[in-house]
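Quick notes on the structure that follows.
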Amino acid sequence: MSSRSTHNIACPRCGFAQSAEIYDAVNVRDDPGLREELMANRLNQVVCEACGFRFRIDAPLLYHDPARRFLIWLQPAPESEADAAERAFRAAVERLQRARPDGGPQPVLHLVLDRIELVERIFLLEAGLDPRLIEYVKHAIFTKNLARLDPAQKRLLFNAQDSDAENLVFVVQDLASRKLETVIHYRREAYEALREMFDDDAETARLFELFPGPYLSARRLLRESAPPTADAAPESP
Ligand SMILES: [Zn+2]
């Protein structure tokens, strides 16, 4: 079920205070239109009653796709606060599990820290891709291109629209300017080879060791540790 709550909000342009209804949970089976609103960056958009300025409210949001059995928790936070976001996420998961009747398979829960990551995660899961493995791929791309791809300044985003049977497409985004820069192709064959390689208990454990979650980030791993040895070399962009 989708749900909204009322917030008192001040316009960032003129300061006018008004109350606005903000979605805190979206169920795309009940309300498929909300997925489109989110994709078009119209979800939780407020229009100032005084000056007409449009702005988006970044509030925690639970995105639920019951047909595909996944839930994504958006906890807006800078990546430097990922640890705190993970704690808030775990508490939310506990609340959800308590609220859930017994029986039936548990949906998979994901954590993202901003709207762009939420949209990316929706596309990844809808495409049947493994987000953990995708972070592994990003890690490999960063590692191979460290001279021109600084993980402190750039992030890689999966681009579903341009990906096809041959290639998975990633876009480099500059974090400061938010501008989309280079496009990087990663052969789908190489992804499938990785998937086969990790389809083994010991290898799966290694993948979970690299990306324990709930917040999955190649950039965070790059900052925290030395790069892992890649058994399957990434494609050159
Ligand atoms: Zn205003």
Side-chain angles (χ1 to χ4, degrees), residues 1-65 70-93 95-96 109-126 150-162 171-183 214-215 217 219-220:
M1 201 176 73
S2 303
S3 67
R4 286 190 287 187
S5 53
T6 306
H7 294 251
N8 283 313
I9 289 151
C11 170
R13 192 160 82 177
C14 75
F16 178 78
Q18 67 190 77
S19 68
E21 295 257 279
I22 300 297
Y23 278 98
D24 45 35
V26 163
N27 180 317
V28 293
R29 182 181 54 196
D30 299 347
D31 303 298
L34 293 179
R35 178 190 176 281
E36 307 320 312
E37 284 203 23
L38 174 73
M39 293 303 180
N41 199 11
R42 286 195 305 265
L43 190 80
N44 289 344
Q45 205 181 65
V46 176
V47 181
C48 174
E49 289 165 13
C51 76
F53 186 61
R54 273 173 197 278
F55 55 100
R56 200 183 68 236
I57 302 299
D58 287 318
L61 177 76
L62 185 65
Y63 180 97
H64 189 191
D65 188 333
F70 67 78
L71 283 150
I72 308 171
W73 175 255
L74 165 64
Q75 176 72 37
E79 209 182 68
S80 57
E81 290 166 23
D83 292 353
E86 287 186 315
R87 284 195 295 277
F89 173 82
R90 289 196 180 94
V93 169
R95 282 198 303 278
L96 275 172
L109 290 140
H110 302 263
L111 171 65
V112 294
L113 301 185
D114 67 23
R115 196 193 69 90
I116 303 287
E117 287 184 354
L118 174 59
V119 169
E120 179 193 40
R121 186 61 57 91
I122 293 167
F123 279 133
L124 276 178
L125 295 170
E126 288 178 351
D150 179 357
Q153 289 169 25
K154 316 280 180 191
R155 70 172 161 185
L156 291 169
L157 296 166
F158 171 68
N159 179 323
Q161 287 95 333
D162 294 337
V171 184
V172 177
Q173 187 189 36
D174 185 85
L175 288 162
S177 72
R178 296 267 162 189
K179 280 205 182 105
L180 300 176
E181 299 175 337
T182 331
V183 167
Y215 183 62
S217 166
R219 295 174 49 248
R220 181 158 77 157

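Whatever order the structure lists ligands and atoms in, that order sets their numbers, starting from 1.
Using cut-offs of 30° and 60° on the angle between ring planes, the pair Tyr63 and Phe70 is parallel.
Checking side-chain atoms of Arg13 against main-chain N and O of Cys48 turns up no donor-acceptor pair under 3.5 Å.
Salt bridge status for Glu117 with Arg219: absent, with no side-chain N to carboxylate O gap under 4.0 Å.
Applying the salt bridge (charged side-chain N to carboxylate O under 4.0 Å, His left out) definition to pairs two or more places apart or across chains, those involving residues 32-56 are Arg35-Glu126, Arg56-Asp58.
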Apply side-chain contact (heavy atoms from CB on, under 4.5 Å) to residues Ile72 and Leu125 and explain how you reach the verdict. CA-CA 10 Å; Ile72 308 171; Leu125 295 170; 4.0 Å; yes
Assess whether side-chain contact (heavy atoms from CB on, under 4.5 Å) is satisfied between Gln153 and Leu175, documenting all intermediate values. CA-CA 6 Å; Gln153 289 169 25; Leu175 288 162; 5.7 Å; no
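Counting only protein atoms, the N, O or S atoms lying less than 2.8 Å from the Zn ion (ligand 1) are Cys11 SG, Cys14 SG, Cys48 SG, Cys51 SG, ordered by chain and residue number.
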